[in-house]
Amino acid sequence: MDAKDVAADLDRVIVTADEIAVKTAELAAQIDADYAGREVLLVGVLNGAVMVMSDLSRAMRSRLKMDWMAVSSYGAGTKSSGVVRILKDLTIDVLDKHVLIVEDIVDTGLTLSYLVDNLKGRGAASVEVAAMFRKPAALTTVVNVKYIGFDIPNDFVVGYGLDFNGHYRNLRDVAVLGKHMYS
Ligand code: 5GP
């Protein structure tokens, strides 16, 4: 769906589907160059990173593997709980692998910081992070996000995999959800 299909629910579009496509190609080229000669394991964080993973992996020319983790996230609200729980673990052993965590959005960085430590603890040869969106709070976290798509304002956004109560993941653009939808 496009933003116009749910216009009444949204405040404003901040990143269009076309802008995401251009940025994805840039990130893919950069990642390909950085991992030249090394096989990378892309670890997508369910459910939000499904779109990023799908587009980024296909834009890459490298030989790669993909796996998925699910961790607890915002639930029904719009604020980070700070609690990270593994709901679904990897099926591939990360020992000695070059892991690139693929995330939709970094806000407080709590989720990522947990994941990076967790995967390093399992003996990955390297662990880096690619995130399509980053909020201002992420700039003060300890997590180093090597590949970033867009820095966005500190608003609750939906689209391109990002949901509110399970909806809007299939929105092609990324938009700020209208406050009237949750207050
Ligand atoms: P963090 O642990 O960095 O605070 O939060 C990361 C997770 O929170 C993301 O993977 C995403 O699931 C969720 N999240 C953070 N900000 C937003 C937002 O603006 N919209 C949506 N839908 N989810 C968000």
Side-chain angles (χ1 to χ4, degrees), residues 1-3 5-7 9-17 19-20 23-24 27 42-57 66-90 99-120 127-183:
M1 62 166 60
D2 297 316
D5 297 316
V6 279
D9 300 356
L10 307 176
D11 179 4
R12 64 190 190 281
V13 171
I14 53 170
V15 185
T16 66
E19 289 168 335
I20 293 171
K23 185 64 75 176
T24 300
L27 289 177
L42 300 182
V43 170
V45 185
L46 294 169
N47 296 316
V50 166
M51 306 297 174
V52 189
M53 179 72 133
S54 163
D55 289 341
L56 184 69
S57 62
M66 282 184 246
D67 203 352
W68 300 92
M69 284 181 85
V71 295
S72 60
S73 179
Y74 280 8
T78 60
K79 286 266 156 28
S80 186
S81 66
V83 178
V84 179
R85 254 187 332 129
I86 295 182
L87 306 176
K88 184 229 168 284
D89 209 343
L90 297 170
V99 175
L100 178 61
I101 299 174
V102 178
E103 257 286 25
D104 46 6
I105 189 165
V106 198
D107 183 4
T108 63
L110 286 169
T111 313
L112 270 180
S113 131
Y114 172 85
L115 282 178
V116 170
D117 289 350
N118 184 283
L119 297 180
K120 281 183 177 162
V127 181
E128 300 290 356
V129 179
M132 189 52 77
F133 303 101
R134 178 169 65 181
K135 289 188 174 179
L139 296 170
T140 59
T141 69
V142 290
V143 192
N144 175 31
V145 183
K146 190 163 183 187
Y147 307 99
I148 283 285
F150 302 90
D151 279 304
I152 63 168
N154 194 25
D155 292 308
F156 188 78
V157 296
V158 294
Y160 199 64
L162 292 161
D163 77 309
F164 177 65
N165 279 350
H167 290 124
Y168 311 107
R169 291 194 197 277
N170 61 325
L171 175 59
R172 297 172 71 244
D173 313 294
V174 168
V176 175
L177 187 65
K179 288 232 168 32
H180 63 283
M181 297 302 292
Y182 55 86
S183 58

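Just so you know, these numbers use all the heavy atoms, side chains as well, and skip hydrogens, waters and symmetry mates. In listed order, ligands and their atoms are each counted from 1.
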**Prompt:** side-chain contact (heavy atoms from CB on, under 4.5 Å) with Y160: which of V52, D104, I105, V50?
**Reply:**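 Only match with Y160 under side-chain contact (heavy atoms from CB on, under 4.5 Å): V52.
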**Asked** When only distance counts, is V157 in polar contact with ligand 1, meaning an N/O pair under 3.5 Å?
**Response**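 Such a contact does occur with ligand 1.
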**F156, any N or O under 3.5 Å of ligand 1 N or O** = no
**Asked** Would you say V106 and V143 make side-chain contact, with heavy atoms under 4.5 Å?
**Response** no
Minimal non-hydrogen separation, [X] against [Y], with atom names:
| X | Y | value |
| --- | --- | --- |
| P153 | K135 | O-CG, 4.1 Å |
| L10 | A175 | CD1-CB, 3.8 Å |
| A3 | L171 | N-CD1, 3.4 Å |

Short list, please: which atoms of ligand 1 are under 4.0 Å from a heavy atom of [X]?
| X | result |
| --- | --- |
| D155 | 19 (O) |
| K135 | 16 (N), 17 (C), 18 (C), 19 (O) |
| D163 | 21 (C), 22 (N) |
| T108 | 1 (P), 2 (O), 3 (O), 4 (O) |
| L110 | 2 (O), 3 (O) |
| T111 | 1 (P), 2 (O), 5 (O), 6 (C) |
| E103 | 10 (O) |

**Request:** May I ask you to check whether over 12 heavy atoms, not counting those of R172, lie within 6.0 Å of atom CZ?
**Result:**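 Counting neighbours around CZ of R172, 12 or fewer heavy atoms of other residues, nucleotides or ligands fall under 6.0 Å, so no.
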**Item:** N118 side, atom CG; I86 side, atom CD1 - distance, nearest 0.5 Å
**Value:** 4.5 Å
**Request:** Could you tell me whether ligand 1 has any atom less than 4.0 Å away from a heavy atom of I105?
**Result:**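 A heavy atom of I105 does come that close to ligand 1.
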**Asked** So, does G48 sit close enough to ligand 1 that a heavy atom of it is under 4.0 Å from the ligand?
**Response**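 G48 does not count as a contact of ligand 1 under the 4.0 Å cut-off.
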**Request:** Could you tell me how the ring of F133 sits relative to the ring of F150: parallel (under 30°), tilted (30 to 60°) or perpendicular (over 60°)?
**Result:** parallel
